[in-house]
2 protein chains.
Amino acid sequence: MTNSVTADETGNGTDGCCASLDGVDPAATATDLRVLTAMGNDTRYELLRLIASADGGVCVCDLEAGVGVSQSAVSQALSRLRDAGLVTRRKEGSWRYYGLTETAAALLETLDDVRGTDE
Amino acid sequence: MTNSVTADETGNGTDGCCASLDGVDPAATATDLRVLTAMGNDTRYELLRLIASADGGVCVCDLEAGVGVSQSAVSQALSRLRDAGLVTRRKEGSWRYYGLTETAAALLETLDDVRGTDE
DNA sequence: ATATTATACAACCAAGCACTAATATGTTTC
DNA sequence: GAAACATATTAGTGCTTGGTTGTATAATAT
């Protein structure tokens, strides 16, 4: 119940098929795609799950052990997740503790909920 | 509240940092990643939104007009979405009507809900 | 001040991806 | 039957991406 179709505003004479559909909101699309592409990668998805399981804070070195890639890759992945608004960063001494945002928590929960719903 | 950390089962002596984190469920990961990578593409995301807005059924030719790519690309995108369990297909004559699955509907709704929640 | 730890940034590169074009299959209509 | 339509599939291709290696910055320790 989010959108609605503007019924044939173009008035093109093709009957039977090909009704007109209105476009998708570009701003929302951009935001959502940034989120989805950020989550849709093995390393970054696992980082999110690890951060979620260690509620409160994990530092990069913890995560580095969890996923099987270099420290550099983890750092880049976390930056990407932060840009997408999926994780928060808290500096403390020379460590950085990462935590989930509400957005990320909600999406992970939805994924858990729907997994196996429809085959 | 989905996962929990098994507190330092490895017992490695490094104090201060680098606690152990358990791995992420591989089956769930695979399923979720298939969903996320399927949604995380401009064309496929827009297709989902278009299908969502035209509740009940859209044929491929309708969609082809909505997104700016070739018929072939739309067909491929829809196959990918179907593999990921995000759309259903109903044949009727020489047309195919696509609809959202509950999974896709739930995820799009969550995206709408969280958009702009945290900056 | 130097060394060590913790993290980020930049450049490069192989692999995967998402298109287009062409062709195939199935369905109406003539 | 042939022609036109609706969709799928295959092959080829340029571009994006996610990783590594190397280097830089910052904080703590010696």
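First the proteins, then the strands, lettered A, B, ... as listed; each starts at 1.
- Interface remark: the A:Gln76 side chain does not form any donor-acceptor pair with the C:dA8 base, using a distance-only criterion of under 3.5 Å.
- The closest donor-acceptor contact from the side chain of B:Arg34 to the backbone of B:Asp83 lies under 3.5 Å.
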Are there any protein N/O atoms within less than 3.5 Å of an N/O atom in nucleotides 24-29 of chain C, and if so, which ones and at what distance?
none

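- Side-chain atoms of A:Arg80 and A:Arg44, non-hydrogen and from C-beta on, do get closer than 4.5 Å to each other.
- Mapped onto DNA chain D by nearest heavy atom, A:Arg44 and B:Glu64 fall at different nucleotides, with B:Glu64 at the one closer to the 5' end.
- Counting heavy atoms from C-beta on, the side chains of A:Leu108 and A:Tyr45 come closer than 4.5 Å.
- With respect to the salt-bridge test (charged N to carboxylate O, under 4.0 angstrom), the residues A:Asp112 and A:Arg49 qualify.
- Residues A:Thr37 and B:Asn41 have side chains not in contact (no heavy-atom distance under 4.5 Å, counting atoms from C-beta outward).
- With hydrogens and angles disregarded, a donor-acceptor distance shorter than 3.5 Å links the side chain of B:Thr101 to the backbone of B:Gly85.
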**Verdict with supporting geometry, B:Gln76 and B:Ser72, side chain to side chain donor-acceptor pair (under 3.5 Å)** = CA-CA 6 Å; B:Gln76 291 175 66; B:Ser72 175; 3.0 Å; yes
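- On a pure distance criterion of 3.5 Å, a polar donor-acceptor pair joins the side chain of A:Gln71 and the base of C:dA8.
- The stretch residues 36-43 of chain B touches DNA chain C through B:Asn41, B:Thr43, each having a heavy atom within less than 4.0 Å of the strand.
- With hydrogens and angles disregarded, a donor-acceptor distance shorter than 3.5 Å links the side chain of B:Thr29 to the backbone of B:Asp25.
- The base of C:dC9 does not come close enough to the side chain of A:Ser75 for any donor and acceptor atom to sit less than 3.5 Å apart.
- A close approach under 4.0 Å does occur between a side-chain nitrogen or oxygen of A:Tyr98 and OP1 or OP2 of C:dA8.
- The phosphate of D:dA8 (OP1 or OP2) has a side-chain N or O of B:Arg89 nearer than 4.0 angstrom.
- One cannot find a donor-acceptor pair under 3.5 Å joining the base of D:dT9 and the side-chain atoms of B:Ser79.
- When the C1' atom of D:dT17 is taken as reference, atom CZ of A:Arg34 falls 17 Å away, rounded to whole Å.
- Of the side-chain N and O atoms in B:Ser70, one or more sit less than 4.0 angstrom from OP1 or OP2 of C:dT20.
- To the nearest angstrom, P of C:dT7 lies 13 Å from CG of A:Leu47.
- Clustering ILVMFWY residues whenever any of their side-chain heavy atoms sit less than 4.5 angstrom apart, transitively, puts A:Leu36 in a cluster other than the one holding B:Val114.
- One can place CZ of A:Arg82 at 13 Å from P of C:dT7, the figure rounded to the nearest angstrom.
- For B:Arg80, taking side-chain heavy atoms from C-beta onward, the closest of the listed nucleotides D:dG19, C:dA8, C:dA18 is C:dA18.
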